[in-house]
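Have a look at the structure below, then the notes.
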There are 2 protein chains.
Amino acid sequence: MHSPELLKGTLQTIVLKVLKDNGRMYGYEITQRVKELSDERIVLTEGALYPALHKLEAEGMLRTETEAIGKRVRKYYSLTPQGRSLVKERVNEFVEFIKTMGNVLQVNIG
Amino acid sequence: MHSPELLKGTLQTIVLKVLKDNGRMYGYEITQRVKELSDERIVLTEGALYPALHKLEAEGMLRTETEAIGKRVRKYYSLTPQGRSLVKERVNEFVEFIKTMGNVLQVNIG
DNA sequence: CTTAGATACATAATTCACTTATGTATTAAT
DNA sequence: ATTAATACATAAGTGAATTATGTATCTAAG
């Protein structure tokens, strides 16, 4: 991202939506998928991603399954029913935000 | 704003664009105009606005003229040529950001 | 075969834009 | 007279991020 400031507040929304669209995913996989979808423009840092995942799990939005791949351990995350509700809420919020900003900045988005 | 987190990083962009569209404005006027344009959804706090204006002035993006209205003092801000360039940059950045987010979140905006 | 880069997780320290709180003072409305 | 709106300003505190650091495995290149 050119202006990383704008990204603030969007991490949860991104993680939740990508998990909804792709099903079960592990942390590193999420970073790669987001990088891909954003054409390299959004690169999630581990220092932000892992704490965010842990927080969402603690809040009951995500559940985890640990899997051994060779000697490595992968932690797969997926949405709980509560998490599913939250995704909708967060995405709607974001779309509303964009509409509002469009009015304030007088720009046609899309 | 329902989710004030999303607003982070947009303050400068908002202030600059509103100043571009409305010409000479004073701080309080900016808050009112933004409130109006956003249908009450974005309410700039003074603690954020005034430091932001001072910063932009210190960086040569804004110039000020002080005017006495009765016994009150109003500080009018307007864009410098440098400020004009910055508006374009910031608005473009924001539009790019929205496009990127649209791809990541798989939502049609607009 | 060893070394660099990618994969995979995690957490602590720090930063910084913002919110909240506080302060001063004028003007308008009830 | 008192409250709310107008109008500026700055200091203290917050919290989500960045940056830095640590551990460990797998793969490709030379």
Side-chain angles (χ1 to χ4, degrees), chain A residues 1-16 24-36 40-59 61-62 64-77 90 93-94 97 101, chain B residues 1-16 24-36 40-59 61-62 64-77 90 93-94 97 101:
Chain A
M1 233 337 135
H2 316 98
S3 176
E5 280 310 313
L6 292 173
L7 217 51
K8 299 220 175 194
T10 62
L11 178 60
Q12 260 202 19
T13 309
I14 291 172
V15 168
L16 288 166
R24 229 171 72 111
M25 294 180 97
Y26 54 97
Y28 186 76
E29 195 182 6
I30 295 174
T31 67
Q32 298 310 300
R33 182 77 184 121
V34 170
K35 204 194 273 186
E36 193 192 336
E40 307 278 286
R41 280 185 271 267
I42 299 178
V43 179
L44 303 185
T45 58
E46 297 142 295
L49 179 66
Y50 291 114
L53 288 171
H54 300 163
K55 195 184 168 222
L56 286 167
E57 190 190 0
E59 291 168 353
M61 302 300 155
L62 303 179
T64 58
E65 293 163 88
T66 302
E67 243 173 68
I69 307 294
K71 280 180 188 173
R72 275 225 202 100
V73 171
R74 269 187 200 162
K75 212 165 151 186
Y76 280 92
Y77 289 87
R90 285 277 186 276
E93 253 173 19
F94 188 78
F97 166 70
M101 284 298 287
Chain B
M1 233 337 136
H2 318 96
S3 176
E5 282 309 313
L6 292 172
L7 217 51
K8 299 224 173 190
T10 62
L11 178 60
Q12 260 201 20
T13 309
I14 290 173
V15 168
L16 289 166
R24 224 172 75 108
M25 291 179 101
Y26 54 98
Y28 186 74
E29 196 182 6
I30 296 173
T31 65
Q32 298 310 300
R33 183 74 183 123
V34 170
K35 204 192 276 188
E36 194 191 336
E40 309 277 286
R41 279 184 270 264
I42 300 178
V43 179
L44 303 185
T45 60
E46 299 142 294
L49 178 65
Y50 291 115
L53 287 170
H54 300 163
K55 195 184 168 221
L56 286 167
E57 191 191 0
E59 290 167 355
M61 303 302 155
L62 302 178
T64 58
E65 293 163 88
T66 302
E67 243 175 69
I69 308 294
K71 283 180 185 172
R72 273 225 204 96
V73 172
R74 267 189 202 159
K75 212 164 154 188
Y76 279 92
Y77 289 86
R90 286 278 187 276
E93 250 174 23
F94 187 78
F97 166 68
M101 284 297 287

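The chains referred to below are lettered A, B, ... by the order of the sequence lines, with proteins before strands, and numbering in each begins at 1.
- The minimum heavy-atom distance between B:Leu11 and B:Ala48, with the atom names listed, is CD2-O, 3.6 Å.
- Between B:Tyr50 and the phosphate of D:dC8, there is a side-chain N or O to OP1/OP2 separation shorter than 4.0 Å.
- For A:Leu7 and C:dC16, the CG to P distance is 17 Å, given to the nearest whole Å.
- Going from atom CD of A:Glu67 over to atom C1' of C:dC9 covers 15 Å, rounded to whole Å.
- At C:dA8, one or more side-chain N or O atoms of A:Tyr26 fall inside 4.0 Å of OP1 or OP2 (strictly under the cut-off).
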Can I get a per-line list of side-chain donor-acceptor pairs under 3.5 Å for residues 64-71 of chain A, giving both atom names and the distance, sequence neighbours left out?
| residue | atom | partner | partner atom | Å |
| --- | --- | --- | --- | --- |
| A:Thr64 | OG1 | A:Glu57 | OE2 | 2.9 |
| A:Glu65 | OE2 | A:Arg24 | NH1 | 3.4 |
| A:Glu67 | OE2 | A:Arg24 | NH1 | 3.3 |
| A:Glu67 | OE2 | A:Arg24 | NH2 | 2.7 |

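- Nucleotide C:dA17 holds its C1' atom 13 Å from the CD atom of B:Glu59, rounded to whole Å.
- B:Glu5 places its CD atom 13 Å from the C1' atom of C:dC16, with the value rounded to the nearest Å.
- The interatomic distance linking B:Ile30 (CD1) with D:dA7 (P) rounds to 12 Å, in whole Å.
- Listed nucleotides: D:dA17, D:dA9, D:dA7. Nearest to the side chain of B:Lys75: D:dA9.
- Here the side chain of A:Arg74 is nearest to one of D:dA17, D:dA9, C:dC9, namely C:dC9.
- In terms of position on DNA chain D, the residue among A:Lys55 and B:Glu29 whose nearest nucleotide sits closer to the 5' end is B:Glu29.
- OP1 or OP2 of C:dT11 lies within a sub-4.0 Å distance of a side-chain N or O belonging to A:His54.
- Separation of atoms CE (B:Met101) and CG (A:Leu6) is listed at 10.0 Å; rounding is to 0.5 Å.
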Could you encode protein contacts along nucleotides 20-30 of chain C as a string, one character per nucleotide from 5' to 3', using B for base contact, S for sugar-phosphate-only contact and - for no contact, with a heavy-atom cut-off of under 4.0 Å?
B-----BS---
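- Considering A:Val15, A:Thr13, A:Ile14 as possible partners of A:Arg90, the one that fulfils the side-chain contact (heavy atoms from CB on, under 4.5 Å) test is A:Thr13.
- Looking only at side-chain heavy atoms (C-beta outward), A:Ile42 and A:Thr10 stay at 4.5 Å or farther from each other.
- Residue A:Leu49 contributes atom CG, which lies 16 Å from atom C1' of D:dT19 at whole-angstrom precision.
- With a 4.5 Å cut-off on side-chain heavy atoms, B:Glu46 and B:Leu49 do not count as touching.
- Atom C1' of nucleotide D:dA7 and atom CG of B:Leu53 are separated by 12 Å, given to the nearest angstrom.
- Distance A:Lys8 NZ to C:dC16 C1': 6 Å, rounded to the nearest Å.
- Taking both residues in full, the closest heavy atoms of A:Arg74 and A:Tyr76 are given as NH1-OH, 3.1 Å, listed atom of the first, atom of the second, then distance.
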